[in-house]
Protein chains: 2
Amino acid sequence: MKTADPELMRAINRLNVLDTIRRHGPISRVEISERTQLSTTTVSAITASLLDDGLILPRHEGDIRNEAARGRPRVMLELNPDAARVVGAKIAANRLVFVVTDFRGDMLSKLTLPIRIDRQPIGVIADLVEDGVRRCVVDAGLSLEEVDTVCLGLPGVIEHRTGHIRSSPIFRDTNVDFASEMTARLNTPTIVESDAHAITLAHHWFGKARDLEDMVLISLEQTLGLGVLHDNQLFRGAGGLSHNLGDLVLGMGARGIVRLSSQAGESEILGEQPASGRFAEAIRLGRGMAHAQALIKAEDNTLISAAIRAGEAVGVAIANIVTLFAPPRVILVGSSLALGEPFLDSLRNAYALAVPPSLKGVAELVFDDSTDDFWAQGAAAVALYELYESPWNTTGPAF
Amino acid sequence: MKTADPELMRAINRLNVLDTIRRHGPISRVEISERTQLSTTTVSAITASLLDDGLILPRHEGDIRNEAARGRPRVMLELNPDAARVVGAKIAANRLVFVVTDFRGDMLSKLTLPIRIDRQPIGVIADLVEDGVRRCVVDAGLSLEEVDTVCLGLPGVIEHRTGHIRSSPIFRDTNVDFASEMTARLNTPTIVESDAHAITLAHHWFGKARDLEDMVLISLEQTLGLGVLHDNQLFRGAGGLSHNLGDLVLGMGARGIVRLSSQAGESEILGEQPASGRFAEAIRLGRGMAHAQALIKAEDNTLISAAIRAGEAVGVAIANIVTLFAPPRVILVGSSLALGEPFLDSLRNAYALAVPPSLKGVAELVFDDSTDDFWAQGAAAVALYELYESPWNTTGPAF
DNA sequence: TACCTTTTCAACGGTATGCGAATTAAATAG
DNA sequence: CTATTTAATTCGCATACCGTTGAAAAGGTA
């Protein structure tokens with residue numbers, strides 16, 4: 001357990017103030033004091049220190065004065081966008097998406113590489129990722145030295161603390177120390193995080209969970225992932241490793257274990273199609289879901305029934321997650337949502353059936369079809385969050 | 001978010017020291033300093049304050065001096081047993097178990113009432129519980145005024161923060177404010193907690209998880225419960241409510257949803273027996289599982305196959321829990337363990353099959369057949385834990 | 001234009017915390 | 001009886017928070 005000394009105390013309050021400024025846009029000191037319950041004195045001291053460190057900026061121009069415009073006007077404070085730059089990336093089987101953001105999480109540049117990388121040797125993947133990061137940084141008009149942290153979000157079971165990838169559909173090998181590898185290549189601190197965790201944080205910072213302290217997110221991509229927000233923090237399992245929803249067991253059929261991934265994995269849904277012609281080509285290029293959507297509209301019965309089965313399986317899995325975590329909101333993201341109504345309807349129905357009566361109405365299902373940028377932005381947010389906490393603890397006293 | 005002031009700092013370090021003393025028996029100040037990473041100065045100040053408050057005691061007698069017996073001898077410190085008294089209770093469908101413990105969690109008296117209370121009106125249950133608490137307190141040679149807190153552990157979905165019982169097999173009604181009811185009756189602060197959470201804490205304090213910071217416990221009783229220890233703390237879902245494992249869905253059969261409770265609930269396993277004769281009588285009296293054990297030994301095939309099916313279902317459920325929490329140890333408790341080898345073997349097999357390959361070997365299954373006292377002692381531990389944190393924050397500065 | 005009101009924010013003193021160095025305390029070795 | 005060793009306390013310092021006070025900035029009013 002960490003020992004509580006003045007330094008920790010300071011760090012906590014600093015983070016609290018900084019986070020308040022981040023979340024509530026340009027904000028005055030008085031309002032910070034109200035929100036954080038800290039005295040105006042303390043807020044003044046902390047903001048002075050933050051200003052001194054260049055993390056925040058005063059805003060004079062465009063002071064939208066309130067109606068009751070008496071007295072000394074408030075000085076609005078906001079994050080200094082230039083305080084840091086980070087790179088966030090979404091690494092998927094058939095595409096790489098990079099984003100450079102400033103300290104506020106605003107996108108400075110983005111780069112999408114629609115290339116298939118899964119099952120490539122690690123060296124090749126690392127090459128491609130390195131290249132993408134460098135390009136995207138140049139696109140933003142920066143050099144890598146100006147980037148503070150890189151965060152790579154990828155599917156699978158990731159051990160966040162150590163940066164080890166326990167298993168991922170992208171890598172042939174297991175237990176890859178990808179964080180060290182990329183840190184060495186880029187000569188920039190690089191962290192590795194589950195893509196589901198990344199977009200969970202994205203929704204908490206910018207998306208559909210800004211108002212919540214607790215929340216669950218289900219990502220339906222090639223891999224089925226889970227992100228849990230508990231008390232404004234990412235809940236990482238024991239040992240800090242991420243969850244792989246696809247490994248959940250839904251039942252014991254005649255021929256053994258039935259896992260969620262075998263019912264609702266992207267390749268399993270699409271795989272039942274005759275692997276020929278335009279559709280197979282689309283799958284190879286990672287456009288499988290978009291194409292599937294078209295086929296469903298054209299009433300392709302094989303695919304529709306696969307989508308329905310997948311929806312049922314996911315709905316039941318979500319009900320089980322809700323049974324365990326009782327979150328007020330469940331956000332669903334990922335390419336499988338593109339399957340459309342047949343999938344979503346059966347998901348909703350199965351969920352309604354499977355959720356225990358005592359928890360009926362507790363959780364609200366929200367579907368979200370964000371673009372890939374958003375995932376990458378989430379990875380950037382993970383990087384920023386790490387920055388918030390660590391390096392400025394060492395700044396020393398405010399004066 | 002709580003504001004970090006010196007008071008909080010103090011509370012954290014105080015709790016840390018107190019917890020260290022609790023866990024590591026009689027312990028000297030130097031060793032506390034080593035374990036907590038606090039300076040000897042701070043430890044001295046805090047222990048002085050704790051001594052002043054009467055929460056701990058110095059131990060002079062029987063100073064087992066180490067071999068290397070040079071220098072001033074260490075003064076060992078330990079919890080003052082008399083610093084507080086609490087009552088813990090396990091409330092089950094067919095029995096009430098009460099325990100009075102001292103500040104260390106040691107049992108002073110216990111009382112078991114083998115009576116069937118489920119489906120009684122709330123008033124009747126409250127009467128019986130009140131009576132049991134009072135009796136047990138008298139047995140310990142105390143009066144209720146000397147008891148600081150009462151904690152009742154019972155099955156179902158409990159909202160710990162508010163003391164509301166959302167649903168329980170014991171109550172006909174839902175959403176019962178049992179904590180307020182009993183607080184008023186006993187005129188002593190009474191808290192309500194899930195029985196699974198209680199025994200989870202019991203194992204962390206006294207049992208098979210003393211060495212762990214993360215752990216999962218599965219309780220197999222009339223109701224199937226779950227307790228999660230995360231970072232030395234009970235993990236309570238959003239809103240602080242407990243989990244009901246029985247609501248987990250294991251599959252969609254031909255006639256709809258199949259929940260775990262329908263496969264592995266106590267009444268479901270035993271219910272398939274012809275409800276007549278000695279066995280039915282045993283069930284009514286809450287000895288069902290013991291009797292079932294005998295029948296299984298006598299190779300009652302109906303019962304054996306029910307036990308095997310239940311074992312499979314539980315094994316799969318545990319695998320899913322492990323997929324989500326990745327704990328180093330899973331402890332199984334509860335009356336259903338008495339079903340013996342057929343049940344346990346099929347559980348182990350199903351678990352081995354269902355646990356994802358990437359997590360194989362991560363979690364160790366441990367079976368525990370503690371007596372009912374232990375559950376009640378866990379409830380007492382919950383009460384003690386609340387005491388640790390709250391009331392002595394107000395003690396003021398140490399001097 | 002000069003003065004007053006209102007509000008923000010920085011400066012000062014008070015009290016709490018924890019830490020490091022020096023000091024006292026208690027026991028053994030010679 | 002003295003020297004040595006280890007434990008625990010005391011003292012002084014740095015930091016953090018908070019409440020109060022007073023200066024600064026803007027608008028309103030005579």
Side-chain angles (χ1 to χ4, degrees), chain A residues 1-17 26-34 36-52 56 58-60 63-77 392-399, chain B residues 1-17 26-52 56 58-60 63-77 393-399:
Chain A
M1 192 167 170
K2 244 191 313 196
T3 142
D5 49 12
E7 200 179 323
L8 175 69
M9 188 163 131
R10 185 119 210 291
I12 292 174
N13 286 335
R14 234 180 118 92
L15 180 63
N16 202 346
V17 169
I27 184 176
S28 68
R29 290 178 177 80
V30 233
E31 206 177 337
I32 295 172
S33 165
E34 284 164 11
T36 59
Q37 304 280 29
L38 263 50
S39 73
T40 59
T41 301
T42 306
V43 171
S44 254
I46 292 177
T47 51
S49 148
L50 292 173
L51 282 165
D52 195 56
I56 60 174
R59 172 184 237 176
H60 298 289
D63 281 352
I64 305 137
R65 312 252 7 227
N66 296 351
E67 354 54 59
R70 313 258 303 192
R72 178 176 174 176
R74 308 178 166 185
V75 178
M76 297 311 221
L77 302 171
W392 290 292
N393 288 347
T394 58
T395 306
F399 51 119
Chain B
M1 192 166 171
K2 243 192 313 198
T3 144
D5 48 13
E7 198 179 325
L8 175 69
M9 193 162 127
R10 185 118 209 290
I12 292 174
N13 287 334
R14 234 180 118 93
L15 180 62
N16 202 349
V17 168
I27 185 176
S28 67
R29 291 177 176 79
V30 234
E31 207 178 336
I32 295 173
S33 163
E34 286 163 9
R35 283 191 185 277
T36 59
Q37 305 279 27
L38 262 50
S39 75
T40 60
T41 302
T42 305
V43 171
S44 252
I46 292 176
T47 52
S49 148
L50 292 173
L51 282 164
D52 196 55
I56 60 174
R59 170 184 237 175
H60 297 289
D63 283 354
I64 306 138
R65 311 247 13 219
N66 295 350
E67 351 59 55
R70 313 259 305 190
R72 175 177 178 176
R74 307 177 167 187
V75 176
M76 298 309 219
L77 302 171
N393 289 346
T394 57
T395 306
F399 51 124

If you restrict it to nitrogen or oxygen atoms, what contacts under 3.5 Å exist between nucleotides 17-19 of chain D and the protein, and what is each distance?
| residue | atom | partner | partner atom | Å |
| --- | --- | --- | --- | --- |
| D/dC17 | OP1 | A/Asn13 | ND2 | 3.1 |
| D/dC18 | OP2 | A/Ser39 | N | 3.2 |
| D/dC18 | OP2 | A/Ser39 | OG | 3.0 |
| D/dC18 | OP2 | A/Thr42 | OG1 | 2.3 |
| D/dG19 | N7 | A/Thr41 | OG1 | 3.4 |
| D/dG19 | O6 | A/Thr41 | OG1 | 3.2 |

Checklist outcome for this item: Minimal heavy-atom distance between A/Leu38 and A/Val43, with the atoms involved, is CB-CG2, 3.9 Å
Item to check | Separation of atom CG in B/Leu50 from atom C1' in D/dA8, rounded to whole Å | outcome: 16 Å
Next on the checklist: Holding to side chain to side chain donor-acceptor pair (under 3.5 Å), I want the full list of residues that pass it with A/Thr40, two or more places apart in sequence or in another chain.
Outcome noted: none
Item to check | Where A/Ala4 and B/Asn13 come nearest, the two heavy atoms and their spacing | outcome: O-ND2, 2.9 Å
Checklist outcome for this item: Taken to the nearest whole Å, CG/A/Asn16 to P/D/dA16 is 16 Å
Checklist entry - What's the spacing between A/Arg14 CZ and A/Thr47 OG1 if we round to 0.5 Å? => result 10.5 Å
Next on the checklist: Whole angstroms only, please: what is the CG-P distance between B/Leu8 and C/dG18?
Outcome noted: 11 Å
Checklist outcome for this item: Value for CD1 (B/Ile32) from CD (B/Glu34), rounded to nearest 0.5 Å, stands at 10.5 Å
Next on the checklist: Show the nearest heavy-atom pair for residues A/Thr3 and B/Thr36, with the distance to one decimal.
Outcome noted: CB-O, 4.2 Å
Checklist entry - Can you name the side chain to side chain donor-acceptor pair (under 3.5 Å) partners of A/Thr42, sequence neighbours left out? => result A/Ser39
Checklist entry - Should A/Arg74 be listed as having a side-chain N or O under 4.0 Å from OP1 or OP2 of C/dT8? => result yes
Checklist entry - Is A/Ser28 close to A/Leu77 at the side-chain level, that is, under 4.5 Å between some pair of heavy atoms? => result no
Next on the checklist: I need the CG-P distance between B/Asp52 and D/dT9, as an integer number of Å.
Outcome noted: 13 Å
Checklist outcome for this item: To the nearest angstrom, the CD1-P distance between A/Ile12 and C/dG18 comes to 14 Å
Checklist entry - Just how large is the angle between the end axes of the helix from C/dT1-D/dA30 to C/dG30-D/dC1, five pairs per end, to 10 degrees? => result 30°
Checklist outcome for this item: Residue set satisfying side-chain contact (heavy atoms from CB on, under 4.5 Å) with B/Pro26, at least two apart, ordered chain then number -> B/Arg59, B/Met76, B/Glu78
Item to check | Phosphate OP1/OP2 of D/dT4: any B/Arg70 side-chain N/O under 4.0 Å | outcome: no
Item to check | Value in whole Å for how far the C1' atom of D/dT10 lies from CZ of B/Arg29 | outcome: 14 Å
Next on the checklist: Could you check whether the side chain of B/Arg72 and the base of C/dA27 have a donor-acceptor pair of N or O atoms closer than 3.5 Å, going by distance alone?
Outcome noted: no
